[in-house]
Amino acid sequence: WRWREIRPEEIRERAYQSAWAKIGCMYGTIEAVLGTLADRYGAPYNTFPVDATVYGSGGIGGLGSLCGTVNACGLLFNLFSKNQDDLFALCREISLWYENAALPVYKPLEPRVDIPIVTSVARSNLCHVSSTAWANASKHKLLTREHFERCNRLVADVTAKAVALLNEYSRGKVAYREKPNDFSQECQACHGPGTSKANVASGMTCDTCHTNPH
């Protein structure tokens, strides 16, 4: 599909509101982006079954695995990238950005739950790790309206980042800025694909869960 530029600042509120509509992080991102394009241009954007993305909520059906926003970005990149190498590069960029960014930062125009902004750094693209990091920082409990408010604000931030990346990509000016930390790069030097041990296939931050075994 052809990408048509969207200004990141204009997508945040729709993403936030869409996420609340289904308590769905993946749905919120997809509906905001494809819904905006569908409203402006019609087909093919209005042909996508947006409700099919609700499964991504809560780390795929509430399992706490891959954050639905990262899942959604992969789907969007797959729709709009020109080849698989570009697709994988965009996926790596958004995932590592998500791991390293202090989120959420968006303050809705009319918050559903008016709580102070408390940011946290996930150091993982997994829902349960990201949510727990925020719970520890904010002192709020999970699976509450406060937690959903946090996640839906995060949807707004990630959706804006995805749109910015697609804008850059469509202009041929995308800059891949994110990379694994030094600890993770040292792990991959021996354990990554094509290396001496070659028993790890991951682009995630290693020391979120693993300590140095050497």
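- Nearest heavy-atom pair across Cys25 and Ser57 is SG-CA, 3.9 Å.
- One finds the NZ atom of Lys161 at 6.5 Å from the CD1 atom of Ile94 (value rounded to the nearest 0.5 Å).
- Between Ile117 and Pro104, the shortest heavy-atom contact is CG2-O, 3.4 Å.
- Rounding to the nearest 0.5 Å gives a distance of 13.0 Å between CZ of Arg145 and NE2 of His140.
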TODO: Go through the steps for Trp134 and Val118 under the test side chain to side chain contact (heavy atoms under 4.5 Å, CB included), then give the verdict.
DONE: CA-CA 8 Å; Trp134 178 80; Val118 177; 4.1 Å; yes

Open item on the list: Please determine whether side chain to side chain contact (heavy atoms under 4.5 Å, CB included) holds for the pair Val158 and Leu154, giving the CA-CA distance in whole Å, both sets of side-chain angles, and the decisive distance to 0.1 Å.
Closed with: CA-CA 6 Å; Val158 179; Leu154 183 147; 3.7 Å; yes

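- A donor-acceptor pair is defined here as one N or O able to donate and one able to accept, closer than 3.5 Å; no such pair exists between the side chain of Ser130 and the backbone of Cys127.
- Taken to the nearest 0.5 Å, the CD atom of Gln17 stands 10.0 Å off from the CH2 atom of Trp20.
- Residues Val121 and Leu66 do not share a hydrophobic cluster, defined by chaining ILVMFWY side chains whose heavy atoms lie under 4.5 Å apart.
- Distance CZ/Arg112 to CD/Glu149: 8.5 Å, rounded to 0.5 Å.
- Between the side chain of Asn152 and the backbone N or O of Phe148 there is at least one donor-acceptor pair closer than 3.5 Å.
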- [ ] Would you please test Ser131 and Arg150 for side chain to side chain contact (heavy atoms under 4.5 Å, CB included) and show each step?
- [x] CA-CA 9 Å; Ser131 293; Arg150 171 263 180 183; 3.7 Å; yes

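- To the nearest 0.5 angstrom, Ser95 atom OG is 13.0 Å from Phe88 atom CZ.
- Leu166 and Leu96 are assigned to two separate hydrophobic clusters, defined by single-linkage of ILVMFWY side chains at heavy-atom distances under 4.5 Å.
- Contact detail for Tyr55 and Met26: the closest heavy-atom pair is OH-CE, 3.3 Å.
- Of all heavy-atom pairs between Gly74 and Leu87, the closest is O-CD1, 3.9 Å.
- In terms of hydrophobic clustering, with Ile, Leu, Val, Met, Phe, Trp and Tyr side chains grouped at heavy-atom distances under 4.5 Å, Val50 and Trp1 are assigned to a common cluster.
- Looking at residues two or more places apart in sequence or on another chain, you find no side chain to side chain donor-acceptor pair (under 3.5 Å) involving Arg2.
- The salt bridge (charged side-chain N to carboxylate O under 4.0 Å, His left out) pairs that include a residue from residues 117-130 are Arg123-Asp207, where partners are two or more places apart or lie in different chains.
- No hydrogens or angles considered: a donor-acceptor pair under 3.5 Å links the side chains of Glu99 and Thr205.
- With rounding to the nearest 0.5 Å, the separation of CZ in Phe48 from CG in Leu76 is 8.0 Å.
- No side-chain donor-acceptor contact under 3.5 Å links Thr132 to the backbone of Val129.
- A heavy-atom distance below 4.5 Å is not found between the side chains of Cys73 and Leu165.
- At least one donor-acceptor pair under 3.5 Å links the side chain of Asp157 to the backbone N or O of Val105.
- Under the side chain to side chain contact (heavy atoms under 4.5 Å, CB included) criterion, Ala133 pairs with Ser120, not counting sequence neighbours.
- Checked by atom type and distance alone, the side chain of Thr144 pairs as donor or acceptor with a backbone atom of His147 at under 3.5 Å.
- Of all heavy-atom pairs spanning Tyr106 and Arg153, the tightest one is O-CD, 3.4 Å.
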- [ ] Please assess Leu103 against Thr119 for the test side chain to side chain contact (heavy atoms under 4.5 Å, CB included), listing each intermediate value before the final yes or no.
- [x] CA-CA 5 Å; Leu103 298 171; Thr119 64; 5.9 Å; no

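- Closest approach of Asp86 and Tyr176 over heavy atoms only: O-OH, 4.2 Å.
- Side-chain atoms of Tyr16 and Val155, non-hydrogen and from C-beta on, never get closer than 4.5 Å to each other.
- Under a 4.0 Å N-O distance rule, the pair Lys22/Glu31 does not qualify as a salt bridge.
- By the side chain to side chain contact (heavy atoms under 4.5 Å, CB included) test, Leu37 pairs with Trp3, Arg4, Ile6, Val33, Leu34, Tyr41, Tyr45, Phe80, sequence neighbours left out.
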Open item on the list: Using salt bridge (Lys or Arg N to Asp or Glu O under 4.0 Å), reason through Arg177 and Glu168 one step at a time and then give a plain yes or no.
Closed with: CA-CA 13 Å; Arg177 303 172 180 90; Glu168 291 180 3; 3.6 Å; yes

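- Side-chain atoms of Thr47 never come within 3.5 Å of backbone atoms of Ala43 as a donor-acceptor pair (strictly under, hydrogens ignored).
- Under the rule for a side chain to side chain donor-acceptor pair (under 3.5 Å), the partners of Thr29 that lie at least two apart in sequence or sit in another chain are Thr159.
- Partners of Glu93 by salt bridge (charged side-chain N to carboxylate O under 4.0 Å, His left out), not counting sequence neighbours: none found.
- For CD of Glu9, the number of neighbouring non-hydrogen atoms (other residues, nucleotides, ligands) closer than 6.0 Å is greater than 12.
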